[in-house]
Amino acid sequence: MNRADPAEQALIRLELRRFMSRCDTQEGLIQRADSLREVARLITIPIPYKLSNEYDARDLQRKVAQMAEQRARELIAEQVDTFIRGEPGFRDKMRSKMRDDWSNLTGALGHLRTWAQNRLNVAEQNQ
């Protein structure tokens, strides 16, 4: 089909609405995620082939990725706050658990590993 074909344009708009609905659902799941592993799993949302040349679809995919990064930062901040408030005897155990959780940060969230480590180092130095 030709791209100038009205039927093709209607199919693309329909597919874009479906993809938009999937992205909205994905954002809701990301907001309810309670672990970094879950956020890392939910960040990947493939664009359908028919929409591969559509900028709106790429924007939706980018929005989902930004939402996932924001939620991952919130979860890391909660972990660091819990570490600060924790008892000194359990901090080593908490530190190793946090590092295990941070190992789930791969792909598009990989850069948050160093950010999380820096947050932890600053928190330890401020005590």
Side-chain angles (χ1 to χ4, degrees):
M1 288 183 149
N2 189 358
R3 194 116 163 107
D5 184 14
E8 179 69 17
Q9 289 298 323
L11 286 174
I12 288 175
R13 284 194 305 271
L14 177 66
E15 189 70 29
L16 188 59
R17 281 191 296 245
R18 286 183 62 224
F19 185 67
M20 192 179 304
S21 173
R22 279 184 44 216
C23 287
D24 289 342
T25 303
Q26 200 83 345
E27 288 176 11
L29 291 172
I30 288 170
Q31 285 299 323
R32 289 190 302 271
D34 59 351
S35 70
L36 292 174
R37 175 176 286 192
E38 185 76 12
V39 172
R41 184 183 66 82
L42 291 171
I43 195 172
T44 57
I45 183 164
I47 295 178
Y49 177 73
K50 282 189 174 189
L51 299 178
S52 60
N53 292 331
E54 298 295 320
Y55 290 115
D56 293 337
R58 298 235 179 249
D59 289 340
L60 291 169
Q61 188 182 36
R62 192 173 307 114
K63 184 179 172 190
V64 169
Q66 288 173 345
M67 181 80 64
E69 181 177 341
Q70 178 184 356
R71 182 64 182 148
R73 286 180 188 267
E74 291 170 2
L75 290 171
I76 291 168
E78 289 174 9
Q79 287 178 339
V80 172
D81 288 341
T82 304
F83 175 79
I84 291 170
R85 287 184 272 124
E87 293 183 25
F90 292 110
R91 287 195 179 153
D92 289 334
K93 188 175 183 179
M94 291 171 65
R95 185 182 299 114
S96 66
K97 183 178 179 337
M98 283 190 303
R99 289 195 175 131
D100 287 343
D101 286 345
W102 295 345
S103 68
N104 292 312
L105 298 172
T106 58
L109 297 176
H111 66 281
L112 291 179
R113 280 187 191 180
T114 56
W115 181 81
Q117 186 61 44
N118 288 338
R119 288 280 304 239
L120 181 62
N121 289 340
V122 168
E124 286 177 334
Q125 290 174 359
N126 287 339
Q127 286 187 347

Does the [X] side chain pair with the main chain of [Y], one donor and one acceptor, at a distance under 3.5 Å?
{"X": "R119", "Y": "I76", "answer": "no"}
{"X": "R91", "Y": "I84", "answer": "yes"}
{"X": "T25", "Y": "S21", "answer": "yes"}

Modelled atom types, side-chain donor and acceptor of N121 and Q117, under 3.5 Å: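 Yes, Q117 and N121 have a side-chain donor paired with an acceptor closer than 3.5 Å.
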Close side-chain approach of [X] to [Y], heavy-atom, < 4.5 Å:
{"X": "M94", "Y": "Q79", "answer": "no"}
{"X": "R62", "Y": "D59", "answer": "yes"}
{"X": "L120", "Y": "W102", "answer": "yes"}
{"X": "E69", "Y": "H111", "answer": "yes"}
{"X": "R41", "Y": "E38", "answer": "yes"}
{"X": "R13", "Y": "Q9", "answer": "yes"}
{"X": "L11", "Y": "E15", "answer": "no"}

Can you confirm whether R18 is buried at CZ, in the sense that more than 12 heavy atoms of other residues, nucleotides or ligands lie under 6.0 Å from that atom? no
Closest contact, heavy atoms only, Q26 versus T44: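 Scanning both residues, the minimum pair turns out to be NE2-O, 3.8 Å.
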Looking at V39 and A68, what are the two nearest heavy atoms and their distance?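 Looks like CG1-O, 3.3 Å.
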First locate atom [atom1] of [X], then atom [atom2] of [Y], and finally report the distance between them rounded to the nearest 0.5 Å.
{"X": "D56", "Y": "L60", "atom1": "CG", "atom2": "CG", "value": "7.0 Å"}
{"X": "E8", "Y": "I12", "atom1": "CD", "atom2": "CD1", "value": "4.5 Å"}
{"X": "N104", "Y": "R113", "atom1": "CG", "atom2": "CZ", "value": "8.5 Å"}
{"X": "L14", "Y": "K50", "atom1": "CG", "atom2": "NZ", "value": "8.5 Å"}
{"X": "Q66", "Y": "E27", "atom1": "CD", "atom2": "CD", "value": "10.0 Å"}
{"X": "R22", "Y": "I47", "atom1": "CZ", "atom2": "CD1", "value": "9.5 Å"}

Given the rule in the salt bridge (charged side-chain N to carboxylate O under 4.0 Å, His left out) test, do K97 and D101 qualify, once you have shown the distances and angles that lead to the verdict? CA-CA 6 Å; K97 183 178 179 337; D101 286 345; 3.2 Å; yes
Is [Y] reachable from [X] through a run of I, L, V, M, F, W or Y residues, each pair having side-chain heavy atoms under 4.5 Å apart?
{"X": "L105", "Y": "I30", "answer": "no"}
{"X": "W115", "Y": "L75", "answer": "yes"}
{"X": "F19", "Y": "L42", "answer": "yes"}
{"X": "L109", "Y": "L29", "answer": "no"}
{"X": "L36", "Y": "I43", "answer": "yes"}

